[in-house]
Student: 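Have a look at the structure that comes next, please.
Below, read A as the first sequence line, B as the second, and so on, with proteins coming before strands; counting in each chain starts at 1.
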Protein chains: 2
Amino acid sequence: MKGISHPALDDISLENVCQALTDPVRIEIVGRLAKMSEATCSVLNAGRPKSSMSHHYRVLRDSGLICTRTRGTTHFNALRRAELDARFPGLLDALLKAMAVDADGEAKYEASPRSSTIPI
Amino acid sequence: MKGISHPALDDISLENVCQALTDPVRIEIVGRLAKMSEATCSVLNAGRPKSSMSHHYRVLRDSGLICTRTRGTTHFNALRRAELDARFPGLLDALLKAMAVDADGEAKYEASPRSSTIPI
DNA sequence: TCTATTGTTCGACTACAAGCGTACAATGGT
DNA sequence: ACCATTGTACGCTTGTAGTCGAACAATAGA
């Protein structure tokens with residue numbers, strides 16, 4: 001594990017933040033981090049290939065959305081809440097709320113076995 | 001000019017909204033619409049090729065960020081403020097504020113002749 | 001109806017991003 | 001020192017997005 005670098009506050013751009021949230025996998029990571037405050041990569045990987053996930057962490061780091069603390073060989077990821085809020089006030093909160101809304105909408109189609117469990 | 005369709009509220013996804021704001025040209029369009037409430041394509045084109053811009057309007061429309069009213073052969077574009085706020089409360093405002101912040105940051109390097117006009 | 005204007009659609013090219021296997025690096029434990 | 005674990009870096013393939021010229025569609029006006 002070589003250089004894990006994070007952009008400075010002023011180098012965080014809206015364009016990059018949006019770019020980072022373009023992918024459902026990364027949206028999921030951010031959404032989960034919002035509830036866990038800190039999590040290792042392996043916890044978030046959910047069985048997906050390491051190299052793919054490592055790519056997503058990098059995109060999220062480069063965008064300024066998350067920071068990674070290294071402890072031994074394991075990496076702890078967390079949202080850069082306070083910093084992001086300093087740079088773009090209110091944005092992260094609005095994004096997190098939007099993620100919750102969006103997840104609700106999709107849940108209607110995936111879960112909710114009601115229609116099949118109540119035949120007559 | 002054929003079918004100009006807009007997604008329903010529930011079909012607007014955070015992923016698509018972010019995707020739409022991935023491009024600086026589209027960020028600029030949204031930022032300008034925030035101040036103008038309505039504008040024709042030709043006004044926003046700023047001399048760029050029509051076909052390229054038409055593509056950007058389509059992405060913005062499909063994402064749910066803007067709607068297009070057709071009047072004769074000219075198209076009037078506007079932000080879907082109220083609807084977006086109903087779907088993702090606070091998100092659009094936060095995004096618009098973020099655009100302003102981001103634009104400021106870049107302006108420091110492009111405009112602002114102060115450092116060169118106040119030598120001593 | 002003929003023409004100018006306003007945008008969209010199509011097609012081709014280019015650039016970038018995702019996915020993933022493999023190799024590598026860094027650390028902890030024995 | 002050796003090995004297992006954790007994650008990154010590299011290289012490749014594939015898919016998708018941006019760019020733009022050229023052709024087309026729709027409308028207003030003469």
Side-chain angles (χ1 to χ4, degrees), chain A residues 1-7 13-33 36 38-78, chain B residues 1-7 13-33 36 38-78:
Chain A
M1 298 104 176
K2 241 181 291 182
I4 293 194
S5 64
H6 302 88
S13 72
L14 176 62
E15 191 180 327
N16 287 347
V17 168
C18 286
Q19 166 65 31
L21 296 178
T22 276
D23 189 291
V25 173
R26 292 193 291 262
I27 289 184
E28 181 200 315
I29 293 176
V30 171
R32 293 184 61 185
L33 282 179
M36 311 174 60
E38 209 179 35
T40 67
C41 294
S42 59
V43 163
L44 297 169
N45 281 359
R48 288 166 291 212
K50 286 191 300 180
S51 54
S52 299
M53 296 306 286
S54 187
H55 164 69
H56 289 304
Y57 296 125
R58 170 177 258 285
V59 173
L60 286 170
R61 267 196 307 266
D62 290 350
S63 78
L65 273 168
I66 73 172
C67 60
T68 302
R69 173 174 73 89
T70 213
R71 185 79 175 181
T73 72
T74 92
H75 291 194
F76 292 87
N77 305 288
Chain B
M1 299 104 177
K2 242 183 292 185
I4 291 193
S5 64
H6 302 88
S13 71
L14 176 62
E15 192 181 327
N16 286 347
V17 168
C18 286
Q19 165 65 29
L21 296 178
T22 275
D23 189 292
V25 173
R26 291 193 291 262
I27 290 184
E28 181 200 314
I29 292 175
V30 170
R32 294 184 61 184
L33 281 180
M36 312 174 61
E38 209 178 34
T40 66
C41 295
S42 59
V43 163
L44 297 168
N45 282 357
R48 288 166 291 214
K50 285 190 301 177
S51 55
S52 298
M53 296 306 285
S54 187
H55 164 70
H56 289 303
Y57 296 126
R58 168 178 260 285
V59 173
L60 286 170
R61 267 197 307 266
D62 290 349
S63 77
L65 274 168
I66 72 171
C67 60
T68 303
R69 174 173 71 90
T70 211
R71 185 81 174 178
T73 71
T74 93
H75 291 195
F76 292 86
N77 305 286

Student: Write down the distance between CD (B/E15) and P (D/dT16), rounded to a whole number of angstrom.
Tutor: 13 Å
Student: Please report the distance, rounded to the nearest Å, between CZ in B/R71 and C1' in C/dG7.
Tutor: 17 Å
Student: If you define the side chain from C-beta out and look only at heavy atoms, does anything of A/I4 sit under 4.5 Å from A/R61?
Tutor: yes
Student: If you look at every strand shown and take non-hydrogen atoms under 4.0 Å, does A/R61 touch a base, only sugar-phosphate, or nothing?
Tutor: sugar-phosphate
Student: Rounded to the Å, how far apart are A/L60 CG and C/dA17 C1'?
Tutor: 14 Å
Student: What's the closest nucleotide to the side chain of B/I4 if the choices are C/dT8, D/dT6, C/dT6?
Tutor: C/dT8
Student: Only one of B/I27, B/D23, B/L21 forms a side chain to side chain contact (heavy atoms under 4.5 Å, CB included) with A/C18, so which one is it?
Tutor: B/L21
Student: Choosing from C/dT8, C/dT6, D/dT6, which nucleotide comes nearest the side chain of B/T74?
Tutor: C/dT6
Student: Side chain of B/S54 only, please: which of C/dT9, D/dG7, D/dT8 is the nearest?
Tutor: C/dT9
Student: If I take atom OH in residue B/Y57 and atom C1' in nucleotide C/dT9, what distance separates them, rounded to the nearest angstrom?
Tutor: 16 Å
Student: Over how many whole Å does the gap from B/N45 atom CG to D/dG21 atom P extend?
Tutor: 13 Å
Student: What is the distance from atom CD of B/E38 to atom OG1 of B/T68, rounded to the nearest 0.5 Å?
Tutor: 9.5 Å
Student: Identify each atom pair where a protein N or O and an N or O of nucleotides 11-13 of chain D are less than 3.5 Å apart, giving names and distance.
Tutor:
none

Student: What's the closest nucleotide to the A/S42 side chain, out of C/dT9, C/dG7, D/dG7?
Tutor: D/dG7
Student: Does B/R69 CZ have over 12 foreign heavy atoms under 6.0 Å away?
Tutor: yes
Student: Is A/R48 salt-bridged to A/E28, going by a charged N under 4.0 Å from an acidic O?
Tutor: yes
Student: Would you say the side chain of B/V59 lies within less than 4.5 Å of the side chain of B/L65, judging by non-hydrogen atoms?
Tutor: no
Student: Rounded to the nearest Å, what distance is computed from the CZ atom of residue B/R58 to the P atom of nucleotide D/dC20?
Tutor: 19 Å
Student: Between protein and nucleotides 18-20 of chain C, what N or O pairs are separated by less than 3.5 Å?
Tutor:
unit_1: C/dA18; atom_1: OP1; unit_2: A/R26; atom_2: NH1; d: 2.7
unit_1: C/dA18; atom_1: OP1; unit_2: A/R26; atom_2: NH2; d: 2.5
unit_1: C/dA18; atom_1: OP2; unit_2: A/H55; atom_2: NE2; d: 2.4
unit_1: C/dG19; atom_1: OP2; unit_2: A/H56; atom_2: NE2; d: 2.7

Student: Side chains of A/Y57 and A/N45: do they bring a donor and an acceptor to under 3.5 Å?
Tutor: yes
Student: Whole angstrom is fine here: how far is it from NZ in A/K50 over to P in C/dA25?
Tutor: 14 Å
Student: Could you verify whether a donor N or O on one side chain and an acceptor N or O on the other, from B/T70 and B/H75, lie under 3.5 Å apart?
Tutor: yes
Student: Considering only heavy atoms from C-beta outward, does the side chain of B/C41 approach that of B/N77 to under 4.5 Å?
Tutor: yes
Student: Does A/H75 place a side-chain N or O at less than 4.0 Å from the phosphate oxygens OP1/OP2 of D/dT8?
Tutor: yes
Student: To the nearest Å, how far apart are A/M53 CE and C/dG21 C1'?
Tutor: 16 Å
